[in-house]
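Structure first, then comments.
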There are 2 protein chains.
Amino acid sequence: MIRKPPSPHRPRALAPIPRVAGLDYDVLDELLGYSLRRAQVALFLAFHEATRGMEITPPRFTALVVIGANPDISQSTLGEVLGIARSGAMLLTDWMVARGLVERRRRPDDRRAWGLHLTRRGERFVARMKRRVRAADARRAAALNARELRELLRLLAKLAG
Amino acid sequence: MIRKPPSPHRPRALAPIPRVAGLDYDVLDELLGYSLRRAQVALFLAFHEATRGMEITPPRFTALVVIGANPDISQSTLGEVLGIARSGAMLLTDWMVARGLVERRRRPDDRRAWGLHLTRRGERFVARMKRRVRAADARRAAALNARELRELLRLLAKLAG
DNA sequence: TATTGTTATACTCTATAACTATA
DNA sequence: TATAGTTATAGAGTATAACAATA
């Protein structure tokens with residue numbers, strides 16, 4: 001059995017969750033968790049399309065935005081923001097450094113920790129990504145009017161809190 | 001370097017996404033996608049707690065509910081509902097069968113496909129899970145009043161559509 | 001030819017645990 | 001002792017590709 005080698009960089013496919021015609025969804029349609037999941041997948045697909053070819057994922061986007069807005073943040077704090085372990089934050093940082101988007105600077109006061117900073121290239125990259133992601137997010141949000149969108153954000157914040 | 005062997009069944013940890021004090025979240029707080037993600041993680045944690053010790057995950061829960069409400073469904077259709085590949089639907093089905101929750105029945109009309117059915121044990125298991133998940137979902141939803149909850153579900157459906 | 005299920009394999013993300021250097 | 005970063009390793013989840021049986 002001979003198999004083609006898979007392409008080296010396969011982006012996570014994550015299909016949309018289709019509403020299968022004629023299927024009984026039973027309790028799922030009453031669960032907030034399931035409704036949130038469906039909406040989130042829709043937003044993720046918009047994100048994915050907006051960043052096509054940039055090798056970006058939501059955690060990478062979040063990391064770059066957070067570093068941009070909080071220069072000199074440590075890897076541990078970055079992991080905390082993302083809700084991942086330190087080891088994962090390190091691999092993520094390695095990725096950003098390898099692409100020349102971020103640099104690690106030694107802290108004079110605490111030589112255990114790195115301070116993370118966007119490079120010039122990183123700044124430009126983040127600015128471009130932000131524009132695209134914002135636009136994609138807004139296009140999806142256009143299914144709602146301004147009042148509805150404000151209300152939705154308010155209710156989501158209450159839920160997450 | 002001697003390492004302890006990890007426990008055989010390690011449940012996915014998925015930490016809550018903490019709001020780190022004093023951190024600038026920049027554009028993230030304006031993005032619907034990020035707000036949805038935070039709310040969804042909160043709901044997932046409630047789900048996880050409600051099903052502790054049952055080895056259940058959201059896809060497994062969805063699969064069992066869907067099979068219960070749509071007996072004789074095929075593995076391919078199940079995969080479609082979940083948004084995963086056929087091969088994944090098969091592994092998921094193997095898991096349910098191995099635990100005696102589901103059985104595969106040959107279809108007289110199409111001998112390629114299996115029809116999936118809950119066993120007696122599966123029926124009881126799903127009923128118990130549904131009660132727990134519903135209760136956990138409702139506890140989280142209690143952060144909202146009845147009108148807000150209805151409105152939220154409506155807006156989420158609009159977004160996902 | 002097309003579809004269902006299957007097998008084999010690979011890859012991403014993330015975890016835990018132990019190690020190192022600093023504090 | 002405690003913490004930041006690092007390294008090594010493991011596992012869950014899901015993908016693609018090829019195959020056999022059936023339509």
Side-chain angles (χ1 to χ4, degrees), chain A residues 1-17 37 41 44 48 55-63 72-97 102 104-116, chain B residues 1-17 37 41 44 48 55-63 72-97 102 104-116:
Chain A
M1 208 193 295
I2 297 157
R3 288 188 176 77
K4 272 193 202 163
S7 55
H9 186 77
R10 191 173 12 172
R12 178 166 172 65
L14 188 49
I17 306 187
R37 165 91 182 131
V41 168
F44 172 78
H48 187 250
E55 289 190 14
I56 277 297
T57 60
R60 287 175 183 171
F61 175 75
T62 302
D72 213 46
I73 189 175
S74 72
Q75 284 181 194
S76 291
T77 304
L78 181 62
E80 199 189 335
V81 176
L82 294 166
I84 62 175
R86 272 179 325 198
S87 56
M90 199 226 149
L91 295 174
L92 181 54
T93 304
D94 281 349
W95 181 86
M96 296 184 288
V97 169
V102 164
R104 292 177 165 107
R105 295 197 199 144
R106 270 284 167 229
R107 285 181 176 170
D109 54 309
D110 185 343
R111 294 174 41 75
R112 290 173 303 181
W114 298 108
L116 303 180
Chain B
M1 208 194 295
I2 297 158
R3 286 187 177 78
K4 273 193 201 164
S7 55
H9 187 76
R10 191 173 13 175
R12 178 168 173 62
L14 188 49
I17 308 186
R37 166 93 181 127
V41 168
F44 172 78
H48 187 251
E55 288 190 16
I56 278 298
T57 60
R60 287 175 182 171
F61 175 76
T62 302
D72 214 46
I73 190 175
S74 72
Q75 284 181 196
S76 290
T77 304
L78 181 62
E80 200 188 335
V81 175
L82 295 166
I84 62 175
R86 273 181 323 204
S87 56
M90 198 222 149
L91 295 175
L92 180 54
T93 303
D94 281 351
W95 181 87
M96 297 184 286
V97 170
V102 163
R104 292 177 164 107
R105 295 197 198 146
R106 271 284 167 227
R107 285 180 177 172
D109 55 310
D110 185 343
R111 294 173 42 74
R112 290 173 304 183
W114 298 109
L116 303 180

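Each chain gets a letter, A, B and so on, in the order the sequences are listed, and its residues count up from 1.
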Hey, what are the protein-to-nucleotides 21-23 of chain C N/O distances that come in under 3.5 Å?
unit_1, atom_1, unit_2, atom_2, d
dA23(C), OP1, R111(A), N, 2.8

Below 3.5 Å, can you tabulate the donor-acceptor pairs from side chains in residues 83-96 of chain A to any protein atom, sequence neighbours excluded?
unit_1, atom_1, unit_2, atom_2, d
T93(A), OG1, A89(A), O, 2.7
D94(A), OD1, R104(A), NH1, 3.2
D94(A), OD1, R104(A), NH2, 2.9

Just how far, in rounded Å, is [atom2] of [N] from [atom1] of [X]?
X: M90(A); N: dT14(C); atom1: CE; atom2: P; value: 15 Å
X: H48(B); N: dA12(D); atom1: NE2; atom2: P; value: 13 Å
X: R86(A); N: dA15(C); atom1: CZ; atom2: C1'; value: 12 Å
X: L91(B); N: dG5(C); atom1: CG; atom2: C1'; value: 12 Å
X: F44(A); N: dT14(D); atom1: CZ; atom2: P; value: 13 Å
X: R37(B); N: dC13(C); atom1: CZ; atom2: C1'; value: 12 Å
X: I84(B); N: dG5(C); atom1: CD1; atom2: P; value: 12 Å
X: L78(B); N: dT4(C); atom1: CG; atom2: P; value: 13 Å

Picking from [options], which would you name as closest to the side chain of [X]?
X: Q75(B); options: dG13(D), dT16(D), dT6(C); result: dT6(C)
X: A85(B); options: dT4(C), dT6(D), dT16(D); result: dT16(D)
X: P59(A); options: dT4(C), dT14(C), dA17(D); result: dT14(C)
X: S87(B); options: dT7(D), dT7(C), dC13(C); result: dT7(C)

Point-to-point distance, once rounded to the nearest 0.5 Å, from [atom1] of [X] to [atom2] of [Y]:
X: E80(A); Y: Q75(A); atom1: CD; atom2: CD; answer: 14.0 Å
X: T57(A); Y: H48(A); atom1: OG1; atom2: NE2; answer: 9.5 Å
X: R37(A); Y: R37(B); atom1: CZ; atom2: CZ; answer: 9.5 Å

Hey, what bend do you get for the helix from dT1(C)-dA23(D) to dA23(C)-dT1(D) if you fit axes on five pairs at each end, rounded to 10°?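 Between the axes fitted at each end of the helix from dT1(C)-dA23(D) to dA23(C)-dT1(D) lies an angle of 0°.
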Between R106(B) (side chain only) and R111(B) (backbone N and O only), is there a donor and an acceptor less than 3.5 Å apart?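 Such a contact is found between R106(B) side chain and R111(B) backbone.
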Shortest non-hydrogen contact from [X] to [Y]?
X: S74(A); Y: R107(A); value: N-NH2, 3.6 Å
X: L78(B); Y: L116(B); value: CD2-CD1, 4.0 Å
X: D72(B); Y: G115(B); value: OD1-CA, 3.4 Å

Using the ring of W114(A) (Phe, Tyr or Trp, six-membered ring only), decide whether R105(A) places NZ or CZ under 6.0 Å from its centre and within 45 degrees of its axis.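 Judged by the rule, R105(A) and W114(A) form no cation-pi pair.
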Is the phosphate of dG13(D), meaning OP1 or OP2, less than 4.0 Å from a side-chain N or O of W95(B)?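 Negative; the distance criterion is not met.
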